Each structure stands twice: as structure tokens, then as C-alpha cells.
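Structure, as C-alpha cells:
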Protein chains: 2
Amino acid sequence: MLTHAAEDYLKSIYKLQEKVGKVSTGILAEYLNVKPASATGMIKKLKTMQLVKHERYQGVTLTDAGKAIALEIIRHHRLLELYLFKALGVPWDGVHEEAEKLEHVISEDVEARMDEFLGYPTADPHGAPIPDKNGVVIKRMSIPMTDLCSGQSCVVAEVSDTDSALLRHLGSFNLYPGTAFRVIEVAPFEGPFTIDIAGQQVVIGREVAKHIFVDDVKE
Amino acid sequence: MLTHAAEDYLKSIYKLQEKVGKVSTGILAEYLNVKPASATGMIKKLKTMQLVKHERYQGVTLTDAGKAIALEIIRHHRLLELYLFKALGVPWDGVHEEAEKLEHVISEDVEARMDEFLGYPTADPHGAPIPDKNGVVIKRMSIPMTDLCSGQSCVVAEVSDTDSALLRHLGSFNLYPGTAFRVIEVAPFEGPFTIDIAGQQVVIGREVAKHIFVDDVKE
DNA sequence: AAATTAATTTAGGCATACCTAAATTATATA
DNA sequence: TATATAATTTAGGTATGCCTAAATTAATTT
Ligand SMILES: [Mn+2]
Ligand SMILES: [Mn+2]
Ligand SMILES: [Mn+2]
Ligand SMILES: [Mn+2]
């Protein structure tokens with residue numbers, strides 16, 4: 001069995017790899033709140049375990065074995081988030097922190113029982129896809145809200161889940177995955193978005209909008 | 001915050017202290033599947049944190065602060081066992097192992113939500129008392145089944161929860177906490193017990209009987 | 001009281017996972 | 001192309017928690 005730290009590295013490499021391709025030591029270290037030297041050290045260990053590919057100074061990527069473990073941990077995390085949310089009523093801005101600790105510790109049996117309880121769900125409370133038990137992830141074609149123009153309407157697909165205060169803020173506007181809204185105005189010079197949610201007019205700053213991803217964009 | 005290992009030591013010292021008073025290094029080490037030298041090392045650390053009292057060669061006991069933490073962990077463990085059993089249907093011979101890992105990781109918030117879901121329970125699936133959130137434990141006056149004589153009837157109060165195979169064995173006879181039975185015969189020379197459970201006649205070996213504690217003994 | 005036996009502690013090591021500081025390598029700029 | 005800058009790796013150190021082996025202390029036996 002892998003250590004918690006090793007699992008976190010694999011999970012982080014997976015997520016960064018999805019965006020960047022090859023993952024640099026520096027990016028990985030920053031993402032994990034760790035110094036680059038520490039990341040180098042773990043990368044070496046993971047390489048001897050054949051969980052990552054790595055050439056000095058050239059960045060890391062996961063092997064198939066490493067990817068399988070990363071997806072396993074991500075599955076635990078997202079199932080746990082949804083379970084805590086639905087079964088225990090933990091607020092959506094609290095589930096991430098909790099799942100971050102539990103993901104390394106639950107058994108496959110408990111994973112399967114939560115999955116069944118939840119009816120084999122495909123997305124967590126923040127809209128992120130839950131890999132199935134074979135590691136298959138459904139990829140949604142969502143775009144960042146910052147790409148929207150005035151007049152367009154859409155549905156919230158996913159929001160980033162790491163910042164608890166941001167999630168409370170979004171919650172106060174009902175900006176959950178599945179919520180539809182229409183862009184009324186985009187202020188010039190990288191300004192805020194004014195949107196219409198179920199008849200309510202709301203102003204969303206650019207920094208916040210960057211963390212919202214949307215679907216079903218229509219004129 | 002304490003390390004998982006430190007929490008396990010405190011929990012173990014508490015449990016052993018209930019039986020033995022002062023806890024010797026050797027007993028503690030054996031209980032934790034660790035060498036005596038390792039126990040000595042942790043005892044020293046816990047002493048500097050003022051969580052235990054210890055004089056060389058004289059055994060350990062918990063301070064009030066140490067006891068509070070021990071009870072907190074035991075509360076987590078037993079609430080988790082009952083939650084896994086009732087909410088997720090994990091079999092009673094599986095919950096201990098699972099709770100052993102989760103107890104160090106859940107938040108006070110999740111603890112409180114499980115407590116509420118379960119209706120503020122006072123015993124885990126094996127009959128062990130769950131300390132309340134202030135650390136108050138209800139002590140039951142149960143006796144080991146091995147103290148029973150033929151003709152006596154009683155109710156199962158508690159069974160030990162560490163041996164999964166034993167629990168499956170007990171389950172096959174319906175020997176759960178709350179189950180009533182009557183002793184039909186105690187074989188001589190430390191022999192087995194023949195008992196009557198709801199009309200069914202069952203033979204329980206002495207080694208098994210040692211792990212069953214009973215209540216409400218009547219002639 | 002002395003010697004044996006048992007329990008406990010000390011000493012020295014290993015693995016994990018982090019750190020800082022220095023050395024190395026790659027990339028950008030002049 | 002030479003030099004400056006940035007990224008990465010290496011080297012050496014800390015803390016935790018375990019280990020084995022040796023030394024110490026306590027308890028028992030003769
Ligand atoms: Mn799993
Ligand atoms: Mn999430
Ligand atoms: Mn607690
Ligand atoms: Mn139990």
C-alpha cells in the first residue's frame with residue numbers, strides 16, 4: 001500500500017497533467033504547498049515504483065498504473081464529498097476538507113456501499129465527475145464563465161471546490177451545478193459580470209467567474 | 001494536533017488502565033503490537049505533553065488531559081462503528097477495522113452529525129458504551145459469561161470486537177448484545193457451555209465464552 | 001545477601017516526508 | 001556566443017515512529 005503523501009502526489013499529478021500535459025516539479029510543488037526539492041524526492045520514489053515517467057528537468061507524467069491509482073483516490077474523494085453532503089448534510093463548502101483526509105482511509109467495501117447508497121452518481125457536489133469503479137471518467141465540455149458574452153445563457157457545470165469562502169459566496173447566489181443563468185452585461189476592461197439567475201440580478205467579479213465553468217451555452 | 005500513533009497509545013492506555021490500574025510498558029507494547037522499547041519512547045513524548053504520568057519501571061497512567069483525549073478517540077471509534085453498521089450496512093465483524101482508521105480523521109462536525117443521525121446512542125454494535133460528547137461513559141455491571149452456572153439466564157451485554165472471525169461465529173448463533181439466553185449445562189473440567197437461545201440449543205466453547213459479557217443474571 | 005531472571009530503558013539505526021542551502025542544468029537575453 | 005536568470009536537483013538536516021541489541025533496574029530465588 002502507498003503512503004498518504006504518495007497518493008496525494010499521484011492525484012495532483014493527474015489533475016495538473018489534464019491541464020498542462022507534462023507536469024513540472026515547480027508547478028507540482030506549488031500545488032501541494034511543498035518545496036520543489038520535496039517534490040523531486042517523491043518523484044524519484046514514485047519512479048522506482050513505476051507509477052510515473054520522469055526525465056530530469058523535463059517534468060513528470062503518470063504511467064498507466066499511476067493513473068489508475070490517481071483515479072481511485074479521486075473517486076474516493078468525490079464519492080465522499082457527495083456522501084457527506086447528501087447523507088450527513090455537511091455543507092458544500094465543508095466537504096472538500098473532510099474528504100481530503102478520508103479519501104486515503106476508506107476501504108473498497110465502504111466505497112462500494114456509499115456508491116450504492118448514492119445511486120451510482122457521476123458528479124460530486126461541485127460538479128466534478130466521479131470516475132467509475134473501473135476508472136472511467138465522463139468528460140464534460142464545459143467552458144470558463146469568463147468566456148461568456150452578454151446575452152448568452154448557460155448552466156453551471158462545475159465550480160472549483162478548494163476555497164471554502166468562495167463556495168459560501170457562490171451558495172449565497174444559488175450558483176450550484178445545474179443552476180441556469182443569463183449574462184446581462186460584461187463590464188469593459190476586464191470588469192465584472194452582471195447575470196440573471198431565476199429573475200434575480202447578481203454581479204459576479206472576474207476573479208470569482210474564473211472559478212465557475214458552464215455548459216449548454218445559448219444566445 | 002496529536003499524531004495517529006499518539007492517539008492510539010492514549011486510547012490503549014485508557015482501556016488497559018480500566019482493567020489493571022497502572023499500565024506496564026510491556027503490557028502496553030503487547031496490546032499495540034509494538035516492542036517495549038517503542039512504547040517507552042512514546043510514553044516519554046506523551047509525558048512531556050503532560051498527557052500521562054510515569055515513573056521509570058512503575059507503569060503509566062493518564063492525566064485528566066490524556067484521559068479526555070482517549071475518550072474522544074474512543075467516542076469516535078464507537079460512533080463510527082455504529083454509523084457504518086446502521087447507515088451503510090457494514091457487517092458487525094467489519095466495522096472495527098474500518099473505524100480504527102477513521103477515528104483519527106473525522107472532524108467534530110461529522111462526529112456530531114453521525115451522533116444526531118443515530119439518535120444519540122449509548123452503545124456500539126458490540127455493546128461497548130459510547131462516551132458522550134463531554135466524555136462521560138455509562139458503566140454497565142456486566143460479568144463474563146464464564147462466571148455463569150447452569151440454570152442461570154441472562155442477556156448479552158457486550159462482546160469483544162477485535163476478532164472478526166469470532167464475531168462471525170457469534171453472529172451465526174444470534175449472540176448479539178440484547179440477546180437473552182439460559183445456561184443449560186456447564187461441562188466439568190473447564191468444559192464448554194450448553195445454552196438455550198430462543199429455543200435453540202447451542203454449545204459455546206470456553207475460549208469463546210471469555211469474550212462474551214452478560215447482564216441481568218437470574219436463576 | 002548474592003545470584004539469577006524478568007522488565008524496562010538507553011543507544012544506535014532505518015524509513016518516511018518534509019525542510020534549507022548549494023550545485024547543476026536549461027532557457028532567455030544581450 | 002556569452003552571460004544572466006530561472007527551474008530543478010543534490011546534499012545534508014529535522015521530526016516521527018518504528019526496530020534490535022545492549023545496559024540498567026527491579027523482583028525472585030537460593
Ligand atoms: Mn477505491
Ligand atoms: Mn469536489
Ligand atoms: Mn470528537
Ligand atoms: Mn466495538
Side-chain angles (χ1 to χ4, degrees), chain A residues 1-14 16-17 19-62 66 69-70 73 100-105, chain B residues 1-14 16-17 19-62 66 69-70 73 100-105:
Chain A
M1 241 288 144
L2 289 171
T3 61
H4 293 190
E7 289 182 345
D8 278 336
Y9 272 90
L10 291 173
K11 189 178 68 160
S12 303
I13 293 166
Y14 176 85
L16 293 169
Q17 182 176 293
K19 311 213 162 181
V20 194
K22 285 190 177 180
V23 179
S24 73
T25 305
I27 293 283
L28 179 59
E30 189 191 14
Y31 189 80
L32 283 162
N33 292 308
V34 139
K35 303 296 161 185
S38 304
T40 298
M42 182 60 83
I43 287 166
K44 282 182 160 186
K45 275 177 220 154
L46 295 173
K47 193 178 178 183
T48 67
M49 293 186 259
Q50 311 207 44
L51 299 174
V52 300
K53 291 186 269 277
H54 181 239
E55 298 296 325
R56 302 159 72 234
Y57 295 96
Q58 298 309 129
V60 237
T61 47
L62 297 174
I69 296 171
I73 304 301
E100 204 58 44
K101 297 174 296 178
L102 290 164
E103 64 188 9
H104 306 292
V105 144
Chain B
M1 242 289 145
L2 289 172
T3 60
H4 294 189
E7 289 182 345
D8 278 336
Y9 271 91
L10 292 173
K11 189 177 67 160
S12 303
I13 294 165
Y14 175 86
L16 293 169
Q17 183 176 291
K19 312 213 161 181
V20 194
K22 285 188 176 180
V23 179
S24 74
T25 305
I27 293 283
L28 180 59
E30 189 191 13
Y31 189 80
L32 282 162
N33 292 309
V34 139
K35 303 297 160 187
S38 304
T40 299
M42 181 59 86
I43 288 166
K44 283 182 159 185
K45 276 176 218 154
L46 295 173
K47 193 178 178 183
T48 66
M49 295 187 257
Q50 310 207 42
L51 298 174
V52 300
K53 291 186 270 276
H54 181 240
E55 298 297 326
R56 300 158 77 237
Y57 295 94
Q58 299 308 130
V60 238
T61 47
L62 297 173
I69 295 170
I73 304 300
E100 203 59 42
K101 297 173 298 177
L102 289 164
E103 65 189 8
H104 307 293
V105 144

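Side-chain atoms are counted along with the backbone in the values below, which use heavy atoms only and exclude waters and symmetry mates. Residue numbers start from 1 in every chain, and the chains themselves are labelled A, B, ... in the order their sequence lines are given, proteins ahead of strands. This one's a predicted model, so the numbers in the text were calculated from it and none came from an experiment.
B:Q17 places a side-chain N or O within donor-acceptor distance of the main-chain N or O of B:L62, the cut-off being under 3.5 Å.
Distance, A:H104 NE2 to C:dA17 C1': 14 Å, rounded to whole Å. Between A:I43 atom CD1 and D:dT10 atom P the separation is 11 Å, expressed in whole Å. What separates CE of A:M42 from C1' of D:dT9 is a distance of 16 Å, to the nearest Å. Across the protein-nucleic acid pair, A:K47 atom NZ and D:dT9 atom C1' stand 13 Å apart, rounded to whole Å. Taking atom NZ of residue A:K44 and atom P of nucleotide C:dC18, one finds them 16 Å apart after rounding to whole Å. The distance between atom CG of B:L28 and atom P of D:dC18, rounded to the nearest whole Å, is 11 Å. Rounded to a whole Å, the CD1 atom of A:I27 is 8 Å from the P atom of D:dT8. When rounded to the nearest whole Å, the span between CZ of B:R56 and C1' of D:dA23 equals 12 Å.
Annotation: side chain of A:I43 is in contact with side chain of A:T25 (closest heavy-atom distance under 4.5 Å).
B:T3 comes within 4.0 angstrom of the backbone, heavy atoms only, and of no base. No engagement by B:H4 is indicated, since no non-hydrogen atom pair under 4.0 Å with the nucleic acid exists. When heavy atoms are screened at a 4.0 angstrom cut-off, B:T25 is found touching the sugar-phosphate backbone but no base atom.
Residue A:T40 places at least one side-chain N or O closer than 4.0 Å to OP1 or OP2 of D:dT9. Residue B:S24 places no side-chain N or O under 4.0 Å from the OP1 or OP2 atom of C:dA7. For D:dG17, one of the phosphate oxygens OP1 or OP2 lies less than 4.0 angstrom from a side-chain nitrogen or oxygen of B:K45. Note on B:K35: every side-chain N or O is 4.0 Å or more away from OP1 and OP2 of D:dA21.
Among C:dC18, C:dT9, D:dG17, the nucleotide with an atom closest to any side-chain atom of A:Y9 is C:dC18. The side chain of A:A5 sits closest to C:dC18 out of C:dC18, D:dT10, C:dT9.
Within 6.0 Å of NZ in A:K47 there are more than 12 heavy atoms belonging to other residues, nucleotides or ligands. When the shell of 6.0 Å around CD1 of A:I27 is examined, it contains 12 or fewer heavy atoms from other residues, nucleotides or ligands.
The residue among A:V34 and A:Y57 whose nearest nucleotide of DNA chain C lies closer to the 5′ end is A:V34.
A salt bridge links B:E100 with B:K11: the distance from a Lys NZ or Arg NE/NH1/NH2 to an Asp or Glu carboxylate oxygen falls below 4.0 Å.
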